[in-house]
S.K.: 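A single structure is presented below for examination.
Heavy atoms only: backbone and side chains are in, while hydrogens, waters and symmetry mates are out.
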Amino acid sequence: MSETYYEFGTAADRWDRAQMFFEAKEYVTAARILGGLVGEVPEQVAPRLLLARSYYHSARLGKAEEELRAVLELDPVETYAHLMLGRTLERQGRAADAAPHLRVAAALTGDFGPGAAHA
């Protein structure tokens, strides 16, 4: 595929195309489309989050971490970004770094797991 395929159409067209590739588990292609989209609208959380998910599922964990941290700079209470960053860090063998993000995600959802104390 030529690069123009990834850049073709409006931002909405590319967003739809990226989602289609993501749903088809074509994570590398989704990431290629989303990379350009994120470059155009860096302030939007949804494309960055899907880009991070695409990187995660294609085992590009460093890039996933970078995008998730950017999401959290834009929206510090984005629950899924905290959860996903925690999982990404765990997958890199960085459990201590992951723990605070997993705790924040649990606190934001109210899901403290089995055995959580209720005051």
S.K.: Mind checking the CH2-CG spacing from W15 to L37? Nearest 0.5 Å is all I need.
M.R.: 7.5 Å
S.K.: With a 4.5 Å heavy-atom cut-off, do V28 and F21 have their side chains touching?
M.R.: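 The answer is no; the side chains never approach within 4.5 Å.
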S.K.: R60: which residues meet the side-chain hydrogen bond (donor to acceptor under 3.5 Å, both in side chains) condition with it, sequence neighbours left out?
M.R.: S58
S.K.: Starting at NZ of K25, measure out to OG of S54 and round the result to the nearest 0.5 Å.
M.R.: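 Between K25 NZ and S54 OG, I get 13.0 Å after rounding to 0.5 Å.
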S.K.: Taking the side chain as everything from C-beta on, heavy atoms only, tell me whether Y55 gets closer than 4.5 Å to L61.
M.R.: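 Not in contact.
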S.K.: Among residues at least two apart in sequence or on other chains, which ones pass salt bridge (Lys or Arg N to Asp or Glu O under 4.0 Å) with E40?
M.R.: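 Salt bridge (Lys or Arg N to Asp or Glu O under 4.0 Å) check on E40 returns R14.
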S.K.: Y27: what forms a ring pair (Phe, Tyr, Trp, His ring centres under 6.0 Å) with it, not counting sequence neighbours?
M.R.: F22, H57
S.K.: State which residues pass side chain to side chain contact (heavy atoms under 4.5 Å, CB included) with V38; sequence neighbours excluded, sorted by chain then number.
M.R.: P47, R48, L51, E67
S.K.: Could you work out, with side-chain hydrogen bond (donor to acceptor under 3.5 Å, both in side chains) as the rule, every residue matching R69, not counting sequence neighbours?
M.R.: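 R69 satisfies side-chain hydrogen bond (donor to acceptor under 3.5 Å, both in side chains) with E65 only.
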S.K.: Can you pull out every side chain to side chain donor-acceptor pair (under 3.5 Å) where at least one residue sits in residues 79-89? Sequence neighbours excluded, please.
M.R.: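 Of all non-adjacent pairs touching residues 79-89, those that pass side chain to side chain donor-acceptor pair (under 3.5 Å) are H82-H101, R87-E90.
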S.K.: Once ring-ring contact (aromatic ring centres under 6.0 Å, His included) is applied, what residue pairs with a partner in residues 58-78 remain, sequence neighbours excluded?
M.R.: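 Qualifying pairs, neighbours excluded: none.
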S.K.: Applying side-chain hydrogen bond (donor to acceptor under 3.5 Å, both in side chains), can you list everything that pairs with D97, at least two apart in sequence or on another chain?
M.R.: R94
S.K.: Please list, chain by chain and in numerical order, all residues satisfying side-chain hydrogen bond (donor to acceptor under 3.5 Å, both in side chains) with D75, sequence neighbours excluded.
M.R.: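 With neighbours one apart ignored, the set is empty.
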S.K.: Tell me every residue that passes side chain to side chain contact (heavy atoms under 4.5 Å, CB included) with A81, counting only those two or more places apart in sequence or in another chain.
M.R.: L49, L68, V71, L72, E78
